[in-house]
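Per chain, numbering begins at 1; letters A, B, ... match sequence-line order. These figures come from a predicted structure and were not determined experimentally.
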2 protein chains.
Amino acid sequence: MPARRQANANSESVDNYLKAILVLGGSTEQRVTSTALANRLGVAPASITNMLQKLAVAPEPMVEYERHRGVRLSPAGRRRALEIVRHHRLIETFLYEILDYPIEEVHDEAERLEHFISERFEERIAAKLGHPKTDPHGQSIPTMEGQMPVREAICLSEALAGGAYVIDSVGERDAETRRRLEATGLRVGIKLQVLPRTSAETCSVSIRRAGQPEDAIDLTAELAGGIRIVPFGI
Amino acid sequence: MPARRQANANSESVDNYLKAILVLGGSTEQRVTSTALANRLGVAPASITNMLQKLAVAPEPMVEYERHRGVRLSPAGRRRALEIVRHHRLIETFLYEILDYPIEEVHDEAERLEHFISERFEERIAAKLGHPKTDPHGQSIPTMEGQMPVREAICLSEALAGGAYVIDSVGERDAETRRRLEATGLRVGIKLQVLPRTSAETCSVSIRRAGQPEDAIDLTAELAGGIRIVPFGI
DNA sequence: CCTATATATTAGGTATACCTAAATCTCTGA
DNA sequence: TCAGAGATTTAGGTATACCTAATATATAGG
Ligand SMILES: [Mn+2]
Ligand SMILES: [Mn+2]
Ligand SMILES: [Mn+2]
Ligand SMILES: [Mn+2]
């Protein structure tokens, strides 16, 4: 009945650190600061430093770390992070498609289970789903070999006023942001038109949903930043 | 991305202790000794004592514990243990029925996941499976309300020579025993006839499978003890 | 160029869940 | 009855992953 956990690497915590470094580093794999990680993970900066030092000197180092200059993933760390992201997105897709979860509940369940499913489980749900390329939020699912397909999509906060777009993906955010986003009704596949800037605030956006031209929706920079779009129509 | 775990009770370890006490206490809910728990869980006896003392003095005690006299579950502990057993058996059924796992692999996956699925996940797989009453090993699945249906089945080691039976359930065992059991080909639904005792060893049994009268199978007390049967035919 | 401030690290401490070795109980059999 | 064997508990320690407070570093502005 046990379930002994091996002493070293690969704990739930380590997984979450690696995933956070992957996301915060962005496509250019910039060094990530302790503070950024502390905010993202909700732990004290001192705890971050501790963990990074441990991960950097492990037998198979998960990160490259230099005091005061941030971290980035080592090849092994990157591999593991992508593995967990693949688990996460496959689980979300599975919960949504097979278990009929409401979309706003898939994230929290996936956030936990991503660390505990076996390779067999991963393989079986992928097969059951027909090896999907994207999750229900429109995000690419990394391949089994650890390749993350890049999407051709721009950020809503960079869109040109007057343009017509369709939502390509909605980023992973904290629970509160997710709730506010959900309230706007914006999700993958929704068509919208960007309105001329009304607020002085940089990166905030006003839009109009296709089919509902009467109601303008104002989005804060934070909300708009998580939505990626592609041009629609001609 | 976090997934903060509340400080007190309800860890994976605690769950496994409670489940072990439930099973070892049997239907009569006998007190369970530290040694029995230490063997079952694969931890040092001293660790057992530590955990039991903690569980006994928690704000909502999970066990009734008296020094040198063993433990049993409190009502709250029993509730939690049955909840985890329900998770375990629903997950096994789900892996077997929906994800087409080979039967010998369902246990290990369920042993891990049972601690991490949400109530929603539990409810959804139960619904998808049509609210099953037994798992793929023939064991009863506790109800959502925490009732464990009792089965009318006797232990193979108590069967009368000459009787014809069908296997009702196969108990949960350690990996090694499971492997040996699997090698005999015995599973739920298999029909067999008990042969006159050949070995002097108490509780060991010889049987013959229906349809394969040529090969007698000798089972050790340990193997036979995990197999429960019901009379078959007239 | 050099200090103030923000950023990051070190130091020291907590809780969980294990471990080994050293007591201390319990209870059986002479 | 009571000694000793076996079961159990206590004592003291480890590793992980957090925390707060104190200290050190980097660098941007004056
Ligand atoms: Mn996670
Ligand atoms: Mn995997
Ligand atoms: Mn378990
Ligand atoms: Mn449940």
Side-chain angles (χ1 to χ4, degrees), chain A residues 1-21 24 30-72 80 111-112 115-116, chain B residues 1-21 24 30-72 80 111-112 115-116:
Chain A
M1 215 173 262
R4 201 91 305 103
R5 200 83 112 307
Q6 69 273 48
N8 58 359
N10 277 33
S11 74
E12 182 177 359
S13 272
V14 170
D15 285 351
N16 285 332
Y17 276 78
L18 298 177
K19 246 178 48 172
I21 298 168
L24 294 173
Q30 300 248 328
R31 302 187 97 92
V32 175
T33 66
S34 296
T35 309
L37 282 168
N39 289 336
R40 173 110 190 171
L41 294 172
V43 304
S47 305
I48 301 288
T49 301
N50 252 268
M51 179 65 99
L52 296 182
Q53 291 176 341
K54 233 184 27 189
L55 293 177
V57 302
E60 192 180 24
M62 291 289 141
V63 300
E64 289 161 26
Y65 166 74
E66 279 177 78
R67 285 167 91 244
H68 295 282
R69 350 196 82 251
V71 260
R72 46 189 219 199
R80 177 70 184 164
E111 191 62 54
R112 239 179 310 112
H115 311 286
F116 304 109
Chain B
M1 212 173 265
R4 200 91 308 98
R5 200 85 112 305
Q6 68 274 48
N8 58 359
N10 276 32
S11 73
E12 182 176 358
S13 272
V14 170
D15 286 350
N16 286 332
Y17 276 79
L18 297 177
K19 246 178 50 174
I21 297 169
L24 294 173
Q30 300 246 329
R31 303 187 97 90
V32 175
T33 66
S34 296
T35 309
L37 282 169
N39 290 336
R40 173 110 191 172
L41 294 172
V43 303
S47 305
I48 301 288
T49 300
N50 251 270
M51 179 66 98
L52 295 182
Q53 290 176 342
K54 233 183 28 187
L55 294 177
V57 302
E60 192 180 25
M62 291 289 141
V63 300
E64 290 161 26
Y65 166 74
E66 281 177 76
R67 287 166 86 243
H68 295 281
R69 351 197 82 251
V71 261
R72 45 189 219 200
R80 178 70 185 164
E111 190 62 53
R112 239 178 311 112
H115 311 286
F116 303 109

Atom-to-atom span, [atom1] of [X] to [atom2] of [N] - whole angstrom:
X: A/Asn39; N: C/dT7; atom1: CG; atom2: C1'; value: 12 Å
X: A/Arg67; N: D/dA24; atom1: CZ; atom2: P; value: 11 Å
X: A/Arg69; N: C/dT9; atom1: CZ; atom2: P; value: 11 Å
X: B/Lys54; N: D/dT9; atom1: NZ; atom2: P; value: 16 Å
X: B/Glu66; N: D/dT9; atom1: CD; atom2: P; value: 11 Å
X: A/Asn16; N: D/dC18; atom1: CG; atom2: P; value: 9 Å
X: A/Leu41; N: D/dC18; atom1: CG; atom2: P; value: 8 Å

Check your understanding: What nucleotide among C/dT16, C/dC18, D/dA17 has an atom nearest to a side-chain atom of B/Ser13?
Key ->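 The answer is C/dC18, which lies nearest to the side chain.
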Exercise for review: Give the nucleotide from the list D/dT9, D/dA17, C/dT9 with an atom nearest to the side chain of B/Gln53.
Suggested key: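 Output: D/dT9.
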If you restrict it to nitrogen or oxygen atoms, what contacts under 3.5 Å exist between nucleotides 19-23 of chain C and the protein, and what is each distance?
unit_1: C/dC19; atom_1: OP1; unit_2: B/Ala44; atom_2: N; d: 3.3
unit_1: C/dC19; atom_1: OP2; unit_2: B/Ala44; atom_2: N; d: 2.9
unit_1: C/dC19; atom_1: OP2; unit_2: B/Ser47; atom_2: OG; d: 2.5

Exercise for review: Describe the nucleic acid contact of A/Thr49 in one word from base, sugar-phosphate, nothing, applying a heavy-atom distance below 4.0 Å.
Suggested key: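 Base, at least one base atom sits under 4.0 Å.
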Practice item. Would you please name every residue forming a side chain to side chain donor-acceptor pair (under 3.5 Å) with A/Glu66, sequence neighbours left out? Key: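 Side chain to side chain donor-acceptor pair (under 3.5 Å) list for A/Glu66, sorted by chain: A/Arg31.
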Point to revise | Pairing residues for A/Ala38 by the side-chain contact (heavy atoms from CB on, under 4.5 Å) criterion, not counting sequence neighbours | key: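 With sequence neighbours excluded, A/Ala38 shows a side-chain contact (heavy atoms from CB on, under 4.5 Å) to A/Pro45, A/Ile48, given in chain and number order.
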